[in-house]
Asks: 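Let me give you the structure first, and then I'll get to my questions.
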Amino acid sequence: MLQIRMLTALLLVAPAVMAQDDLSKMFGKDSVSRQPVIATFKSTRVINAQSNETLKKGELDFRVAHRFGDLAGGDGGAKTFFGMDNSSDIRIAFEYGITDRLMVGVSRAKGSGNFSQLYEALGKFKILQQTTDNSMPLGVTVFGNAVVTSMKSSTEEPDASYFDKFSSRMTYTGQIILSRKFGNILSLAVLPTYIHRNRVVFMDQNDMFAVGVGGRLRFSKRLALVVDYFLPFREQASKDYFEGRGTKFYNPLGVGLEIETGGHVFSVNFTNTTAILENQFIPETTSTWKEGQFRWGFNISRRFSLGGK
Amino acid sequence: MKGNRSLYSCVFKSMKTCNSPTLQSMKQLLTGLVFIFCISCTSEKGPAPTDNPADCDTVLVTSTRMYAIIQENCTNRTCHPGSGSPVVADFSTLVKFKNYITDNGSMFRLRVTGPNADMPQIMGYPQLSRATRDSIACWVGKGMPD
């Protein structure tokens, strides 16, 4: 347990130390020819997944993300205006760039899944940047968050929302984002991810690893197709147990259109996840594209400069 | 702790304006967050749910009782009243509630009576107890008797 705590803490903070040395070596002597590749993604998120991007120093990003109800299936269709009458999750966030490579943020999400009423603190650090001369072929960014729910506790101990102490309310994400921009058209990211939930129901997993992939295909200066997908590694015994009790887990997939309009980045997307935060949509997605359980969603990002260099 | 302190110093020394009050505050904030994370990380699992939680022969399963539960936990808010969201799950009358279950049995089971039921979902109210969910399941299983 101690090792896991230390590992995750190091994942959140320590790489910054190495990054300083690496960047000094990379850019110090030959900074003209080794320019960092910029705008691999246009926003700090692809759809559900994080991108490699961080905010610039002094930049405040006000973000709103919304996921509607099922577009089709039993709860969708014309009677709910294809899910528009319902909301499965809403997230409002303020994120701030402390340096050009380190950002922090806080958010409030409605939550969808075992927990609702979520408060999130997050940090993201760009360790390495891809360079134009390919001396560094990949960008490496780390992301971490801690999420707490303020919902009332269930009175039943087997329930996920039974909180006998404060720590039972907390979940965490640690993530490494490996990214590469191929020319001016295509950007890809791979996201090895670790989720820790302090308290879970019987036969669920406190620790879960997942791998995500994200991509951005640019159509024009302001328009791009964005896609992301996560493969959570849930133990077979856990899958079997929950399937036996009527719950099947699915892998989150999001597809969207990203539109950049000045200070705004607006993405309209479809995804089978009901939740927005990694802590929920990676381990707890129980809706599937195949049964029409996918939904409209949007991410809006509005950036304000609060200082500058 | 001393090691941690030097670690953060390294991180923040790399910032050109390391001594600014804002960054000092951020440094303290980050240190605090990492500390809170380290001490608050636990790994617990809930106990196994009872396999036969409710004896449907003895549980009181009347429409009056069930609809009272629904009114208290589902329609006394901005949800499920018929005028609010979601419109498809309109529980504003007992008849409409029954109709919803008839038409959307699997969805109702998944979100209300199943093992991972997540309703009621918002507004800060506690989840329904497992015994209550099982009682509702018994009522549905018996054909929603009056």
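Note that the coordinates shown come from a computational prediction; the quantities given were computed from them, not determined experimentally. Sequence lines set the chain letters: A, B, ... in the order given, protein chains first and strands last, and positions in each chain run from 1.
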Asks: Please report the shortest heavy-atom distance between A:Pro158 and B:Pro47, naming the atom on each side.
Replies: CB-O, 3.7 Å

Asks: At their closest point, which heavy atom of B:Ser43 faces which heavy atom of A:Asp207, and how far apart are they?
Replies: OG-OD2, 4.3 Å

Asks: Is there a side-chain contact between A:Arg199 and B:Thr42 in this structure, where contact means two heavy atoms from C-beta onward sitting under 4.5 Å apart?
Replies: no

Asks: On a heavy-atom basis, which atom in B:Leu128 and which in A:Asp159 lie closest, and how many Å separate them?
Replies: O-OD2, 3.8 Å

Asks: Would you say A:Met170 and B:Cys41 make side-chain contact, with heavy atoms under 4.5 Å?
Replies: no

Asks: Does B:Glu44 CD have over 12 foreign heavy atoms under 6.0 Å away?
Replies: yes

Asks: Quick one: pull up NZ in B:Lys45 and CG in A:Asp204 and give me the separation to the nearest 0.5 Å.
Replies: 7.5 Å

Asks: Taking side chain to side chain donor-acceptor pair (under 3.5 Å) as the test, write out the residues that go with B:Thr102, two or more places apart.
Replies: none

Asks: Are there over 12 heavy-atom neighbours, none belonging to A:Phe81, within less than 6.0 Å of that residue's CZ?
Replies: no

